[in-house]
Structures are given as C-alpha cells and as structure tokens.
2 protein chains.
Amino acid sequence: MTTEDRIKKTALTLFLEKGFERTSIRDIALKAKINIALLNYYFRSKENLFNSIFSGLLEKYTPTLNGILGSSLPIEEKIHLYVEEYIDILLENPKLTYFVLSVLHRNPDKITQMKIFQSLYNTGDFSKQFAEEVRKGNIKDVDPTQFFINMLSLITFPFTIKQVIMEKNHMNEDTFEQFMHQRKQVITDMLLLTIKK
Amino acid sequence: MTTEDRIKKTALTLFLEKGFERTSIRDIALKAKINIALLNYYFRSKENLFNSIFSGLLEKYTPTLNGILGSSLPIEEKIHLYVEEYIDILLENPKLTYFVLSVLHRNPDKITQMKIFQSLYNTGDFSKQFAEEVRKGNIKDVDPTQFFINMLSLITFPFTIKQVIMEKNHMNEDTFEQFMHQRKQVITDMLLLTIKK
DNA sequence: AATTATTTTAAACAAACGTTTAAAACAATA
DNA sequence: TATTGTTTTAAACGTTTGTTTAAAATAATT
C-alpha cells in the first residue's frame with residue numbers, strides 16, 4: 001500500500017471513530033507511522049484530506065443504491081432491494097450515517113449539501129415512478145417525498161443510536177447484526193403496507 | 001437575566017449552531033459580552049458548562065414525552081400523542097436531535113449513554129403495555145423494540161437532514177413546518193397500520 | 001556514474017485553545 | 001463608614017493545533 005493510501009485509510013478510521021475535530025493530524029501521523037509533514041505533502045490540508053476521503057466513500061457506496069433506484073424494476077421490488085442493500089452497507093460501516101450527518105452539520109453551505117444529497121438522496125427517478133404508480137391507481141395516494149423520508153429514516157437512524165439500542169436491549173455485536181437483518185423485513189413490510197391498496 | 005443564565009443561553013445557541021468543538025469559550029464570551037474568566041468562575045470548565053446545559057435540556061423536554069408513555073392511555077392514543085408532542089418539540093428546536101447524537105458520539109462511555117437514553121429512550125412502560133396488548137390479541141404480533149425504533153426514527157431523523165429536505169424539495173422554513181405537521185398524521189397512520197389487526 | 005525528481009525527515013512557525021492568576025470593582029453586612 | 005464577601009476584569013499561562021520550512025534520503029532518468 002502506498003503512503004498516500006495508508007494515510008487515507010488511517011485517517012478514515014480515526015474520523016469515523018472520533019470525528020473530524022477531535023482527530024488531530026498528529027493522531028493520524030502516529031497511527032499511520034508517517035511524518036506529519038507528509039500529510040500536507042500529499043493532501044494540502046487536513047480539510048482537503050477529509051474531503052478526499054469523503055468523496056471516496058460516496059463514490060464507493062452510492063452507485064449500488066442509485067442503481068437500484070434508477071433501474072426498471074417494479075416499485076415494490078425496488079423498495080425491497082433498496083432496504084436490503086442499504087442495511088447491508090451500514091452493517092459493514094455502522095458509523096457511516098453519523099459521519100454523513102456530521103459533514104452536513106459542519107459544512108452547512110449549499111454547494112456541499114448539493115453534492116452529498118445528489119448522491120445520497122437521489123429521489124428523482126424513484127419519485128417519478130412512485131407518482132406514476134399513484135396516477136395509475138396501482139398504489140395508494142401517498143406523498144412520494146414523505147415516503148422516501150420514511151424509508152431513509154427507518155433504514156439509517158437506528159445506526160446513529162446503535163450503542164443505545166445495544167445497551168438498552170442487552171445486545172452484543174452479533175445480536176445487533178441479527179436484529180438489523182430482521183429489520184430488513186420489518187421495514188419492507190411496513191413500507192409496502194402503507195402503499196398497498 | 002443573571003450572568004450565569006446569559007452564559008448558558010448564549011452557549012446553547014452556539015453549541016446547537018456549531019457544535020461543541022467548534023465553539024470556543026472566547027466565542028461564547030464575546031457573544032454574551034462577558035469576560036472569558038467568568039466562564040470558569042461560574043462553571044469550572046467548558047465541559048462542565050456543556051453538561052450543565054445538556055442536563056437542563058433533558059429536564060426540560062423529557063418529562064412531557066415520558067409522561068405520555070407512562071400514562072394509562074390506550075396504546076393507540078399514546079402513539080398518536082407521542083408523535084404529535086415530539087414533533088412539536090423538535091419544530092421548536094430543530095437541531096436538538098443532532099445535538100443529542102453528537103453527545104452520544106463524543107461521549108461513548110456507558111454511564112453518559114445510560115443517563116441520556118434513560119430519559120430519551122424510556123421504553124420500559126410502553127414496551128410492557130405493547131407486549132400485553134399483543135398477548136391479549138388486540139394488536140398484531142410486532143416486536144416492541146422494532147416498533148419503538150420505528151417510531152423514534154420516523155419522528156427524529158428528518159430533523160437531522162432538515163436542510164437537505166428543504167433544498168431538495170424547494171421548501172422554506174414555513175413550508176418545512178407545514179410538511180412536518182402533515183408528517184404527524186403520516187407517521188401515526190403508518191404506525192397504527194402496522195399493529196392494527 | 002552523474003543528475004534530476006520525488007519522497008521523507010526533524011524542527012520550527014504562528015495562531016488558537018482552555019485555564020488560571022491576582023488585582024480591581026462592586027455589593028452586602030456590621 | 002469600615003469590613004467582608006461576591007463578581008468582574010486584564011493579562012498571562014502552558015498546550016495543542018494545522019501548517020511550513022529547508023535539508024536529508026531515496027528513486028528515477030540520462
């Protein structure tokens with residue numbers, strides 16, 4: 001692995017664990033076993049390093065999800081697949097949701113938000129299909145925006161309070177994972193129930 | 001207003017707006033028009049000031065919500081009231097959810113989490129009643145834990161991505177508030193639908 | 001083998017941070 | 001009015017922060 005990649009990998013781990021502000025470039029350098037100056041040699045600044053990492057994350061995970069939403073599958077199938085895939089991604093990367101939220105709140109300017117939610121909140125195709133199904137009378141007359149937010153909330157929010165859920169319900173890592181697998185069905189059933197006539 | 005209260009009020013505004021790390025005690029002192037040393041005179045440290053503010057917030061908002069959950073109302077009524085009250089609270093304080101999440105992630109030790117979720121995730125009474133209704137055959141056999149997480153997710157998560165929702169759907173503050181008022185009914189209907197036999 | 005380009009290093013930079021000091025200003029008490 | 005207690009002030013403290021410098025080490029090129 002190149003020095004550049006080792007920096008990125010180490011930095012990501014620390015950013016996920018402790019957040020941007022509480023991770024110093026000395027923390028990163030120490031853990032990656034590199035000189036501090038190399039951080040500014042490869043990336044111009046800490047902020048730049050972060051953005052590079054974050055872009056990489058979006059590029060890694062969004063194509064699959066947006067692929068599902070943009071496909072030509074029937075809407076029920078899309079919902080089912082989307083829920084399953086999204087939860088699988090978050091099970092592999094449980095801190096991802098809070099990570100994205102922290103970016104959103106640290107960087108409230110519109111351009112940044114645009115980029116993020118154009119990837120992560122890509123409702124365009126889905127909403128059109130949803131509205132069309134409503135028009136055809138195939139599903140109940142539900143607001144597509146409300147529906148998409150429901151889906152997003154049910155999938156992602158539990159991961160932001162993972163530790164709370166675990167402690168409150170006496171779970172370990174394994175039982176939490178099991179709980180989330182069950183949750184795929186819970187969420188899908190719930191969502192389909194609200195649109196089924 | 002006393003100096004102590006002016007510090008707390010100003011600090012809360014800044015903590016909500018920029019977060020703990022990005023708010024310096026000099027920012028607070030400047031905005032509250034007080035000397036920096038007064039901060040350590042009234043509160044021993046920045047961390048202590050924060051905890052004092054956070055405790056105050058929990059004491060302010062949790063009694064109402066836990067009062068609903070702990071009441072002797074029928075479960076459908078509880079759900080309805082809880083959703084309405086919680087959304088009203090968050091409409092008054094839209095950054096509260098992310099604020100709580102940031103505390104959870106900054107302070108991952110168990111004792112802190114206990115205190116927070118004993119207030120904010122007080123499922124004890126509710127889960128018992130829920131399980132009892134299932135046993136009696138009054139509602140569908142749904143996992144109380146999953147149900148409570150559904151409710152919490154649907155209510156709180158949208159506020160953590162408020163800016164994204166607004167920009168994506170061309171909303172202003174008023175239309176967002178309207179959207180959230182509609183959402184009370186959306187969420188209640190959805191939750192009742194999943195348990196109604 | 002000599003030269004150029006790239007990568008890594010140790011050391012220092014200025015700025016910002018939370019915190020503390022000790023004296024001054026003010027209020028309350030006797 | 002003199003004295004005690006409380007509140008506020010200006011200034012400085014030692015650390016830590018992200019960043020930069022300039023030289024050394026290594027790799028690539030001719």
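Chain letters run A, B, ... following the sequence lines, proteins first, then strands; residues in each count from 1. As the structure is a computational prediction, the values presented were derived from the model and not from experiment. Only this structure's heavy atoms are used, side chains among them; waters, hydrogens and symmetry mates stay out.
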>> What is the distance, to the nearest angstrom, from the OH atom on Y41(B) to the P atom on dT6(D)?
In response: 7 Å

>> Measuring from the side chain of A37(A) (C-beta onward, heavy atoms only), which nucleotide among dT9(D), dA12(D), dA10(C) has the closest atom?
In response: dA10(C)

> Of all of residues 3-10 of chain A, which get a heavy atom below 4.0 angstrom from DNA chain D, listed by number?
Replying inline: none

> So what does T2(A) touch, heavy atoms closer than 4.0 Å: a base, only the sugar-phosphate, or nothing?
Replying inline: nothing

> Base, sugar-phosphate alone, or nothing: which one does Y42(A) contact when heavy atoms must sit under 4.0 Å apart?
Replying inline: sugar-phosphate

>> Does the structure place the NZ or CZ of K168(A) under 6.0 Å from the centre of the six-membered ring of F148(B), at an angle of no more than 45° from the ring's axis?
In response: no

> Does NZ or CZ of R106(A) come closer than 6.0 Å to the centre of the six-membered ring of F50(A), within 45° of the ring's axis?
Replying inline: yes

> Tell me: CZ of F50(A) to C1' of dG18(D), nearest whole Å?
Replying inline: 16 Å

> Is the F147(A)-F130(A) ring centre distance short of 6.0 angstrom?
Replying inline: yes

> Quick one: are the ring centres of F159(A) and Y98(A) less than 6.0 Å apart?
Replying inline: no

> Roughly, in whole Å, what's the span from CG in N40(A) to P in dT19(D)?
Replying inline: 5 Å

> Got a donor-acceptor contact below 3.5 angstrom from the T123(A) side chain to the F126(A) backbone?
Replying inline: no

>> If I take atom CD1 in residue I36(B) and atom C1' in nucleotide dA11(D), what distance separates them, rounded to the nearest angstrom?
In response: 10 Å

>> How long is the straight-line distance from NZ of K18(A) back to OG1 of T23(A), given to the nearest 0.5 Å?
In response: 5.0 Å

> Just checking L39(A): base, sugar-phosphate only, or nothing, at a heavy-atom cut-off of under 4.0 Å?
Replying inline: nothing

> Which whole-number value in Å describes the distance from I34(A) CD1 to dT19(D) P?
Replying inline: 13 Å

> Over how many whole Å does the gap from K46(B) atom NZ to dT20(C) atom P extend?
Replying inline: 15 Å

>> Just the rounded figure in Å: distance from P of dT8(C) to CG of L38(A).
In response: 5 Å

> Just how far, in rounded Å, is P of dA15(C) from CZ of R22(B)?
Replying inline: 20 Å

>> Under a 4.0 Å threshold between the charged nitrogen and the carboxylate oxygen, would E173(A) count as salt-bridged to K162(A)?
In response: yes

